[in-house]
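Scroll down for the structure; my scribbles are underneath it.
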Number of protein chains: 2
Amino acid sequence: MESTTLGGTTGVPAAPPDPRGPGWSVGVDVGGTKVLAALLDPAGRVARTHRAATRPGPDGLVDVVTTAVRTLTRAHGVPVERLAGTGVGVPGVVDPVTGTVEHAVNVGVAQPFALAAAVASVLGPAARVRVENDLNAAVLGAAHTVEPGATARDVAFLALGTGVAAGLLLDGTLRRGSHRAAGEVGHLTLVPGGLPCKCGQAGCIEQYASGSALDAAWPSPDARPAPVALLDAADAGDARAVAVRDRFVGAVAVAVRVLVLTCDVDRVVVGGGVSQLGTRLLDPLRAQLAREAAASPFLASLGVTDRVHLAPRDVPVAAVGAALVGRGEHV
Amino acid sequence: MESTTLGGTTGVPAAPPDPRGPGWSVGVDVGGTKVLAALLDPAGRVARTHRAATRPGPDGLVDVVTTAVRTLTRAHGVPVERLAGTGVGVPGVVDPVTGTVEHAVNVGVAQPFALAAAVASVLGPAARVRVENDLNAAVLGAAHTVEPGATARDVAFLALGTGVAAGLLLDGTLRRGSHRAAGEVGHLTLVPGGLPCKCGQAGCIEQYASGSALDAAWPSPDARPAPVALLDAADAGDARAVAVRDRFVGAVAVAVRVLVLTCDVDRVVVGGGVSQLGTRLLDPLRAQLAREAAASPFLASLGVTDRVHLAPRDVPVAAVGAALVGRGEHV
């Protein structure tokens with residue numbers, strides 16, 4: 001599945017390489033199945049992207065990351081040693097100071113692994129490699145891209161994917177958490193005594209708002225992704241599909257409300273696989289939040305409905321955020 | 001009810017006044033019924049406290065605050081003009097830069113009111129007056145006092161009083177929120193379709209975890225506060241009291257879990273009137289959290305149970321926090 005695309009996923013024309021220039025960086029977003037990398041120009045625009053399959057385990061991880069960096073920099077004529085840095089976003093517990101990753105079970109890294117050092121040892125002594133949790137990278141990318149020409153300072157990135165969790169940028173600073181566990185809203189209880197969750201609890205938000213939850217509740221009968229099949233069936237009037245959809249939208253709305261009422265984030269950017277639904281998700285989500293606000297002057301005063309946005313579908317926000325980490329922002 | 005106490009509420013012997021010294025400050029915590037003020041010495045110890053009844057409205061507010069400051073400073077021989085500053089904590093929406101208060105309905109100030117300027121105009125041109133939201137002041141005071149000899153940097157102060165809400169100190173910085181509304185966990189839904197809340201929603205955490213909720217669910221038959229009467233009845237085996245108590249403890253546990261899972265705060269300090277229950281609240285709360293952790297390796301890994309503490313009963317944490325605000329910390 002490996003592919004490299006010029007200015008690929010943004011629609012922004014590629015800036016010409018600046019052979020003198022510092023300021024270029026590469027970001028690599030490592031997911032459970034795919035790796036998406038972006039070369040960012042000094043102005044913060046995506047110049048080129050690269051996609052490959054994830055290879056689990058420490059060696060596979062280092063190989064796929066370094067291949068992505070070399071591929072992008074060679075293709076664009078920016079030497080690795082001239083990069084401002086390389087950032088890697090990984091779904092696990094990351095120590096951004098040491099560049100060590102652990103509990104990254106989806107990419108086959110359970111024990112602490114010094115990923116930054118391992119990548120740097122392959123790329124060469126001049127490489128500046130930084131590692132960050134993938135949702136922290138994603139919220140930086142979302143803040144960088146959600147408003148054209150400006151960087152938002154107060155954002156939650158709510159990822160609806162295999163699980164449900166958020167990255168938090170508060171007052172311009174990443175909120176990693178005292179135990180690097182901030183944003184675990186997916187494991188708050190939505191339905192007491194509800195569906196069992198792999199975390200050991202029951203009725204977690206994640207069991208109703210994640211992509212996995214939709215896969216389980218409405219297996220796609222054909223090539224369409226489960227969320228699309230579900231919404232198609234609901235639109236066609238299938239009562240059971242309507243119930244599953246409404247429960248899903250209600251669960252996402254609860255996650256949004258938790259983020260807004262607890263952290264008072266200015267924006268909640270919904271991302272992750274399910275966000276590919278676009279307005280088919282955003283419109284009913286906003287309608288749900290508007291109904292709640294209509295019943296509650298308190299919620300209305302907070303303007304929850306207007307705080308919700310979708311991650312841009314044409315920008316790899318997590319890779320962009322990793323590239324911002326790579327060039328030393330938000331250390 | 002006016003009274004002034006030497007080293008009053010802390011048990012710490014009063015430090016001798018330092019007539020040369022900068023660094024002394026006064027903090028005034030304005031509540032719906034009472035005002036509690038503290039004179040803090042340069043080492044951050046409570047030298048003297050003062051208590052008075054709240055007088056609603058802008059004029060009453062200014063009068064009671066300035067009287068508290070003058071009473072404490074005169075009694076201790078520290079001239080007002082030598083104070084490092086005066087801080088005022090108010091239950092409302094506060095602009096800490098301008099010192100303006102609004103939506104402070106419990107103290108009779110609805111429209112924007114320039115409280116800092118009004119207090120300074122009475123105390124004199126040398127007075128440095130700063131205003132902060134009362135829960136923000138309280139979390140600073142809690143961080144200052146929860147561990148003897150050290151200041152915690154990552155704390156939520158969960159107030160169980162008339163309502164339920166939290167102040168947040170994250171990575172050493174107050175999280176006021178993008179709309180100065182962070183910490184409103186009391187209005188997250190605990191029981192769908194449950195007890196109506198004045199916010200317009202139903203089943204809010206506040207309807208089960210607040211002091212007002214206990215007053216309503218278990219009106220005291222005598223002079224004991226409602227929470228005490230409830231626990232006494234539960235201890236005596238009253239099945240209905242046991243049910244109300246368990247629902248109360250469960251609701252507080254949910255608020256704690258929301259704060260830990262969303263913000264990953266290192267400590268949750270439970271305060272407010274209900275926290276006067278002391279270990280009669282803390283023990284069942286920790287037991288509830290421990291039961292939840294026993295069922296969930298995820299919750300166990302977060303160590304939620306060990307993060308919960310009670311506000312010290314012998315320190316006026318909100319007044320202490322206001323005094324820290326007054327001397328210019330956390331601007």
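The sequence lines fix the lettering, A, B, ..., with proteins before strands; numbering per chain opens at 1. All of these numbers come straight from a predicted model, not from anything done at the bench. Computation of the quantities below employed the complete heavy-atom set of this structure, encompassing side-chain atoms and omitting hydrogens, waters and symmetry-equivalent molecules.
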For residues 242-255 of chain A, give me every residue with a non-hydrogen atom less than 4.5 Å from any non-hydrogen atom of chain B. none

Any side-chain heavy-atom pair from A:Glu184 and B:Phe298 closer than 4.5 angstrom? yes

Residue A:Asp154 versus chain B: region with a heavy atom under 4.5 Å: side chain

Of A:Gly177, A:Gly186, A:Pro192, A:Ala202, the largest count of non-hydrogen pairs under 4.5 angstrom with chain B goes to A:Gly177

Look at the side chain of B:Thr262 and the backbone N and O of A:Gly183, then say whether any donor-acceptor pair between them is shorter than 3.5 Å. no

Smallest separation among heavy atoms of B:Cys199 and A:Pro297, with atom names: O-CD, 3.4 Å

Under a 4.5 Å heavy-atom cut-off, does chain B meet the side chain of A:Leu170, its backbone, both or neither? both

Does the side chain to side chain contact (heavy atoms under 4.5 Å, CB included) test come out yes or no for A:Val185 and B:Leu261, once each step is laid out? CA-CA 6 Å; A:Val185 293; B:Leu261 269 64; over 6 Å; no

Backbone N/O of A:Asp264 and side chain of B:Ser178: donor-acceptor pair under 3.5 Å: yes

Which residues in residues 299-308 of chain B have any heavy atom closer than 4.5 Å to a heavy atom of chain A? B:Leu299, B:Leu302, B:Arg307

Under the 3.5 angstrom rule, does the side chain of B:Arg175 hit a backbone N or O of A:Cys263 as a donor-acceptor pair? yes

At a heavy-atom separation under 4.5 Å, does B:Leu168 approach chain A through its side chain, its backbone, both, or neither? side chain

Identify the two heavy atoms, one from A:Leu174 and one from B:Asp171, that lie closest to each other, and give their separation to 0.1 Å. O-OD2, 4.4 Å

